[in-house]
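No experiment lies behind these values; they were computed from the predicted model shown. Side chains included, hydrogens not; waters and symmetry mates left out as well; all remaining heavy atoms used.
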Amino acid sequence: MKINKFIVAGALLVSVATFAQKDELKALKKIYNKDVIKGDDLTEYKSLVEKVQPLATEEGDKVYANFYKCMIPVLEFSAIDKTMPPLQIQLAFMKFVSPKAITELATGLNATLDYEKKTGKKYKLRILMKPFLLLNLSY
C-alpha cells in the first residue's frame, strides 16, 4: 500500500514538473517572438531560461532550452537604445558578444536545426534569421 502511494506521488511530481517546464518554454517563445524586446521582457526571459534549464528532461525540451539560452546575447543587443552614437553601440555590442557567446550561438542554432530535421519539423526562417534581423542597425 505504501509503495502505491509513493508511485502515485512520484508520478504527480513528474507531471507537475513537466507542465511547469512546458509553460516556461511557451513563455520564452512568446517573449522571443516579440518584434521589440524591452528591459522587463529581457529580465523575464533570462529568469525563465534559468528556470527551464534544470527542468528540461526530454530531448526536444533540452534543445529548445539551450536555443533560448544561447540567444540571450542577441536579445541583449537588440534591447540596446539604437539612438546612441555608433561608437557607443559598438562598445555595448562588445559587452554581449564574445568568442564563447558566438560559439554557443552557433552550437545552439545547429543543434536546433538538427533536432528539427530529425523530428520532421519544418524550421521557421524567422527563428533562424531573427539574430541577423535584430542586429540590423540603421544609423
Side-chain angles (χ1 to χ4, degrees):
M1 192 67 163
K2 286 185 178 183
I3 293 175
N4 288 341
K5 289 181 181 178
F6 285 122
I7 291 173
V8 170
L12 283 173
L13 243 114
V14 168
S15 64
V16 167
T18 302
F19 285 124
Q21 157 192 329
K22 296 291 182 186
D23 288 342
E24 286 160 348
L25 284 171
K26 285 180 185 178
L28 280 168
K29 184 177 180 179
K30 183 179 176 183
I31 294 171
Y32 178 79
N33 285 331
K34 288 185 176 183
D35 288 332
V36 178
I37 297 176
K38 298 177 183 172
D40 293 340
D41 294 333
L42 189 59
T43 304
E44 182 182 358
Y45 185 90
K46 288 179 181 180
S47 69
L48 286 170
V49 166
E50 292 300 319
K51 286 180 188 176
V52 80
Q53 286 292 123
L55 295 176
T57 54
E58 298 174 12
E59 180 187 9
D61 295 339
K62 287 180 183 179
V63 167
Y64 290 118
N66 186 45
F67 170 79
Y68 290 122
K69 180 182 178 189
C70 74
M71 293 304 295
I72 289 175
V74 175
L75 297 179
E76 286 176 328
F77 182 70
S78 71
I80 291 175
D81 180 15
K82 304 297 189 282
T83 61
M84 294 189 304
L87 183 59
Q88 287 182 334
I89 291 175
Q90 287 176 352
L91 291 173
F93 182 72
M94 296 306 290
K95 289 181 186 177
F96 305 124
V97 177
S98 66
K100 180 182 175 187
I102 292 170
T103 303
E104 287 176 359
L105 178 63
T107 303
L109 289 175
N110 285 329
T112 304
L113 272 176
D114 292 343
Y115 174 75
E116 290 182 348
K117 285 178 185 175
K118 182 175 89 172
T119 59
K121 284 186 176 182
K122 291 185 178 181
Y123 50 88
K124 297 179 182 174
L125 184 61
R126 177 177 166 78
I127 289 176
L128 296 176
M129 294 303 295
K130 185 165 182 169
F132 305 105
L133 296 173
L134 289 175
L135 297 177
N136 182 18
L137 298 175
S138 54
Y139 51 104

Quick one: pull up [atom1] in [X] and [atom2] in [Y] and give me the separation to the nearest 0.5 Å.
{"X": "Ile72", "Y": "Leu42", "atom1": "CD1", "atom2": "CG", "answer": "8.0 Å"}
{"X": "Asp81", "Y": "Ile89", "atom1": "CG", "atom2": "CD1", "answer": "7.5 Å"}
{"X": "Asn110", "Y": "Leu105", "atom1": "CG", "atom2": "CG", "answer": "9.0 Å"}
{"X": "Glu44", "Y": "Ile37", "atom1": "CD", "atom2": "CD1", "answer": "11.0 Å"}
{"X": "Leu28", "Y": "Asp23", "atom1": "CG", "atom2": "CG", "answer": "11.0 Å"}
{"X": "Asp41", "Y": "Lys30", "atom1": "CG", "atom2": "NZ", "answer": "9.5 Å"}

Requested in this report: Specify the closest pair of heavy atoms between Gly108 and Cys70, including all atoms of both residues, with the distance to one decimal.
Outcome: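 Result for this residue pair: CA-SG, 3.8 Å.
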Requested in this report: Flag yes if more than 12 heavy atoms outside Asp40 fall under 6.0 Å of its CG atom; otherwise flag no.
Outcome: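 Check fails, neighbour count at 12 or below.
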Is a donor on one side and an acceptor on the other found under 3.5 Å between the side chain of [X] and the backbone of [Y]?
{"X": "Asp61", "Y": "Thr57", "result": "no"}
{"X": "Tyr68", "Y": "Tyr45", "result": "no"}
{"X": "Ser78", "Y": "Leu75", "result": "yes"}

Report task. List for me each residue that meets salt bridge (charged side-chain N to carboxylate O under 4.0 Å, His left out) alongside Lys46, sequence neighbours excluded, and say none if there are none. Result ->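 Testing Lys46 for salt bridge (charged side-chain N to carboxylate O under 4.0 Å, His left out), a comparison that skips the adjacent residues, returns Glu76.
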Report task. Decide whether Val36 and Ile80 are clustered together by the hydrophobic rule: side chain heavy atoms of Ile, Leu, Val, Met, Phe, Trp, Tyr closer than 4.5 Å, transitively. Result ->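 No, no single cluster joins them.
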Report task. Find out if a path of hydrophobic residues (ILVMFWY) with successive side-chain heavy-atom gaps under 4.5 Å connects Leu91 to Val74. Result ->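 Hydrophobic grouping puts Leu91 apart from Val74.
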**Report entry** Distance-only polar pair, side chains of Glu116 and Tyr64, donor-acceptor under 3.5 Å
**Finding:**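 There is such a pair (donor and acceptor under 3.5 Å, judged by atom type) between the side chains of Glu116 and Tyr64.
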